[in-house]
2 protein chains.
Amino acid sequence: MTDIICTVDIALLTLKDASLHVVLLKRENDPFRGVLALPGGYVHAEEDADTRDAAVRTLRTKTGIVSPYLEQLATFSGPGRDPRGWSISIGYFALVPEAVINQAGHPQVELLAVGRLKGLPFDHQQIVEAAVSRVRNKSSYSSLPVYLCGDAFTLPRLQSVYETVLGEPINKVSFRRKIDELAILEPIAGALETGRSNRPAQLYRLKRQYRDQLSLTDRALNAR
Amino acid sequence: MTDIICTVDIALLTLKDASLHVVLLKRENDPFRGVLALPGGYVHAEEDADTRDAAVRTLRTKTGIVSPYLEQLATFSGPGRDPRGWSISIGYFALVPEAVINQAGHPQVELLAVGRLKGLPFDHQQIVEAAVSRVRNKSSYSSLPVYLCGDAFTLPRLQSVYETVLGEPINKVSFRRKIDELAILEPIAGALETGRSNRPAQLYRLKRQYRDQLSLTDRALNAR
DNA sequence: ACAATAGTGTCTCTTAGACAATATCGA
DNA sequence: TCGATATTGTCTAAGAGACACTATTGT
């Protein structure tokens, strides 16, 4: 039986300039040396407990980032996707606020808008598209976009994040009702976002028990 | 780099006696020779175009069944799940009417209720649970359960299938409204399900263009 | 005071569920 | 005709969106 190449690739997504961006790195080795690509690497049977572990390790090693949210996306495979031979890549995606990338990310990390990718090696374009599609879909009935915000954020900011991810405006009253129903946020006592010439907005944070756990709704946020 | 074992496993689900069952086979080889397990096998780099291809081939070879619906589920991995060593299994799930198993399935195929599994080898229990969970969830906002029916079926039958999969009763009027909105079914002219001592039910079939394509709703079927 | 955005009350419209009336079969 | 289940009509309740009113800041 021919050997199969086993790798992981991670689509690390963030929000920058009000649009979804993905982290890319210049490849240090062949194939595609010097080309921008998703952070990825071999699964190390000697040290990884599973492929999620491989994804965490790869992300940390190559970008310096540890993402609180990391989800398995899908597995991509075939004889043609990697010039080295028949390969499998277990794709993962992660969401972080832009600040995390700026603060913890290695300097060579690049951010590209997901809509303007071109010439990505392997099937990385397809992986990014699958990740974006999953995030869009899941955002419509879950608290997923919260992971794109920092520790503290206002409701208008959160709504704007949802709108960017979903790609359509959301009714303000409905949005606040939904978020209220989810009951995952708590106001930070006395903390307001000041500085702009309007009424300041209340700052919120995720309740402790929801830090590492998605919250789902049974009805979609925006049913059009 | 240590070699990694690459396999596929398929959770082939069907409805029998008004409950979800999964197809199991007695393993012909070690490890776990003679034990009931999911149909599965190595990915063959020489002949498979990708892992989906490997799943189709494995399912056809081991059970005799070709399922119109086959979806990648998730990838399971680690050093402990297979006694032969660090392994990866790309899990798939498929849905077929019971009649397909009875007619096309190899004689050694066994059907077990998904709630009564025990002692499955590898992490097959976990794979089945993930498959059932995915099917439950997806059924609440899609036409997925149609694949558990035959070519022709009545609306009461389809509703009963949904109810079995979802595990809860559905409002009849709402159900019919949803199915009507989906617009994926067409009545078979003049075909009624007779034989019982009540008003006969109209037989329906999937419109041709939806034969190989799921149909999604934006609002869940049963929001309870 | 004014412009701007935050936060909230409330009305309307859409959709889901309850209930029941009618339809059509075999016995 | 009766019992059983299919099919359909319609009323009611719940949820989503529209609109607008009040609140609070900097200028």
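Small disclaimer: the values here were computed from a predicted structure and weren't measured.
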Inset, instruction - With DNA chain D as reference, determine whether A/K178 or A/R199 sits nearer its 5' end, using the nearest nucleotide of each. - result: A/K178
Legend entry - A/E186 and A/R208 ion-paired at < 4.0 Å: no
Inset, instruction - Give me the residues of residues 145-152 of chain B where at least one heavy atom lies under 4.0 Å from an atom of DNA chain C, by number, or none. - result: none
Legend entry - Spacing between A/Q202 atom CD and D/dT24 atom P, to the nearest angstrom: 13 Å
Inset, instruction - Look at B/R176 and D/dA6 and indicate whether a side-chain polar atom (N or O) is within less than 4.0 Å of OP1 or OP2. - result: no
Legend entry - Heavy-atom pair with the smallest gap, counting every atom of B/P121 and B/L36: CD-O, 3.1 Å
Legend entry - Donor-acceptor pair (no angle test) under 3.5 Å: B/K172 side chain, C/dG17 base: no
Inset, instruction - Go through B/V109 and B/I101 one step at a time and tell me if the side chain to side chain contact (heavy atoms under 4.5 Å, CB included) criterion holds. - result: CA-CA 8 Å; B/V109 157; B/I101 295 176; 3.9 Å; yes
Inset, instruction - Establish whether the base of D/dG15 is bridged to the side chain of B/R219 by a donor-acceptor pair shorter than 3.5 Å. - result: no
Inset, instruction - Mark yes or no for a side-chain to base donor-acceptor pair under 3.5 Å between A/N198 and C/dA6, with no hydrogen or angle criteria applied. - result: no
Inset, instruction - Please list residues of residues 180-194 of chain A whose heavy atoms come under 4.0 Å from any atom in DNA chain D, ordered by number; otherwise none. - result: none
Inset, instruction - Just call it for A/R196: base, sugar-phosphate, or nothing, with non-hydrogen atoms closer than 4.0 Å on any strand. - result: sugar-phosphate
Legend entry - Residue B/N171, side-chain heavy atoms: nucleotide from C/dC25, C/dT8, C/dA18 that is nearest: C/dA18
Inset, instruction - Round to the nearest Å and state the distance from A/R177 atom CZ to D/dA14 atom C1'. - result: 11 Å
Inset, instruction - Taking all heavy atoms of A/R134 and all of A/L73, pick out the closest pair and write down the distance. - result: NH2-O, 2.7 Å
Legend entry - Spacing of B/F153 atom CZ relative to D/dA6 atom P, expressed in whole Å: 15 Å
Legend entry - Plane angle bin for A/Y147 and A/Y69 - parallel if under 30°, tilted between 30 and 60°, otherwise perpendicular: tilted
Legend entry - Heavy-atom pair with the smallest gap, counting every atom of B/L15 and B/L148: N-CD2, 4.2 Å
Inset, instruction - Decide, yes or no, whether a salt bridge links B/D123 with B/R81 under the criterion of side-chain N to carboxylate O below 4.0 Å. - result: yes
Legend entry - B/S174 side-chain proximity, nearest of C/dA16, C/dG7, C/dC19: C/dA16
Inset, instruction - With DNA chain C as reference, determine whether A/L155 or A/S197 sits nearer its 5' end, using the nearest nucleotide of each. - result: A/S197
Legend entry - Exercise: identify the closest heavy-atom pair between B/L111 and B/K16: CD1-CD, 3.8 Å
Legend entry - Within 6.0 Å of NZ in B/K207, more than 12 heavy atoms from elsewhere: yes
